[in-house]
Amino acid sequence: MNKKNATTAPKESKVGNDKIYSFEKNKVIVTHFDKIYFPDEKVTKGDVVEYYISMADYILPYLKGRPESLLRNPNGIKEKGFFQKDAADDAPSFVHRKQVHSDSTNKEVHYIVCDNIETLVYLNNWGCIEINPWHSTVEALDKPDYLIIDIDPSDKNTFNQVIEVALTVKTILEKAGASCFCKTSGSSGMHIYVPAEKKYSYDQVKDFAYLVCMMVHDQLENITTLERNLQKRSKKHIYMDYLQNSRGQTIASVYSLRPKPGATVSTPLLWDEVRPGLSPKQFTIYNTLERVKKMGDIFKSVLGKGFDLGKCLGNLQSLSGKVASE
Amino acid sequence: MRPIWTGAIGFGLVNIPVKMYSATETSELDLDMLDKKDHARIKYLRVNEITGKEVPWSNIVKGYKLDNKYVVLEDKDFEAASAEKTNTIEISDFVKEEEVSSLYYETPYYLEPDKTGARPYKLLLEALKKTKKVGVSAFVMRNKEALAILRPDKNVIVLNKIRFEQEIRDPDQLALPNQIEVKPAELKMAVTLIKQLTGKFNISKYKDTYTDELLKLIHDKAKGKKIKAPQLKVVHSKAKDLMDQLKASLEVKQKKAS
């Protein structure tokens, strides 16, 4: 692998079923290196670790400073994983932690903050196939860096319908004057991100996302729903989830593997690529590094300049005024 | 949990390999000292009392004042005085637990058997329960002689460090009512009262609320003193209401800033 300016590749040594990675400063041990995680693809725990090491320079900027919700699949993808938030006390010193008060349980939770490649490997060793960072950083836990609209289809929807919804979201956001970026969820849906630059509270961002979703729903009433209750939600509609914009909520990070058949990756897309015929299954552990090397990190601007809520509201108001009078 | 000590329980001719874990954790908050003006963290400096200059660690030694002069101690002096390192918690006696006054109790630790120690560990645990006895042991922890009792607690053997006799003060300097006679009727009344209030000891009833209260206050403070806006009822709000609400939220922020 040729990696310019990249993190120096770690030295590796194998002891029995374990592999020890020696980074510049720290060693991280990966146990049961050859354990099968994706049985159909024969992808092992070791393959997952190698993927994240090779992608570290691209994924770490989206993890640094963010508390992690750990989704652990220590027995691979055929068994149901479990979420863990509180980190063990015995984590090595390179694993940074952030104490966060949970209002719901009134307890202190010690989140792992993935600030370095060692921690990434450490998380992988814990069975984290998927990486789930907060939308805000420890600098400002209550001010998200981006707004997210999670387009989550039912089994009955086609990916072409997902694309239709995504493009409608983009149209509305553009009319509002907010730039937006998208990625495959790595499963059957798509995620749209709007840079928010720690300017607004989660509530403000969530409300704005809700507003956008309502307007999209007005356009695509027959295929979308905003019903959050699974029982009440139609089985044939695409759910537009704006409630992800809450403190402590997480979704799979960009470039994160998903514990799904096919070893798919949540992959950023150029809007030009978002066209009927696109399949989210084509982006996997096998080709993501190659793609990102060729295209560069096309998701970068998500951490850049944020939208102006006041201006966006003004723009949307005039827009909805027009729609209403039509 | 990370073991803080590894070794073995010595019990007759049997050695039970075990790992020791802290059984307790503090429920206090970590507070940092800050400069009131700019909230910079306060840091300690070790300074020479005479020159006022900072002294690096490498130039710091420890000394004991004897006859107005300091006797300086070096690492090898400490080594010479410290206990010989062994890795065994040798049980010397078994005693009834109630014979050990709670005055002596210090920190509790959990002992966990290694794979090979599982069977004898369980045996010791059950035997302690059956005899209602605890084991007494002197062992070396962090280079210091330590005294402990080993007692069963449900399914785990707890090693409770206990204090040495010389660490307990004599209460004879307290003014205690040794001479006063207690009247039988009064005693009877007091006993009745105790019986009425007797229940099973339930630790869960008692909570360290100070830390929780303090934390709550910290979080309220962090959120600002603004009156909590009523939770947004998204269910019925139309797009327009939401827009108005969002605009209002921006105005609040501007007002606060100016």
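Chain identifiers are assigned alphabetically (A, B, ...) following the order of the sequence lines, protein sequences preceding nucleic acid strands; residue numbering begins at 1 within each chain. Bear in mind that the values here come from a model prediction, so they are computed numbers and not experimental data. We use all heavy atoms of the structure for the numbers below, so side chains are in, but hydrogens, waters and symmetry mates are not.
- The CG atom of B:L242 lies 8.5 Å from the CG atom of A:L313; values are rounded to the nearest 0.5 Å.
- Atom-to-atom distance recorded for B:L246:CG and A:Y200:OH is 10.0 Å, nearest 0.5 angstrom.
- In B:K19, the NZ atom is not crowded: 12 or fewer heavy atoms of neighbouring residues, nucleotides or ligands sit closer than 6.0 Å.
- Counting heavy-atom neighbours within 6.0 Å of B:R163 CZ, excluding the residue itself, gives a total above 12.
- By the side-chain hydrogen bond (donor to acceptor under 3.5 Å, both in side chains) test, A:K19 is found to be paired with A:E12, residues two or more places apart in sequence or in another chain being considered.
- Note that CE of B:M243 and CG of A:D207 are 12.0 Å apart. Values are rounded to the nearest 0.5 Å.
- Within a 6.0 Å radius of OH in B:Y110, other residues, nucleotides and ligands contribute 12 heavy atoms or fewer.
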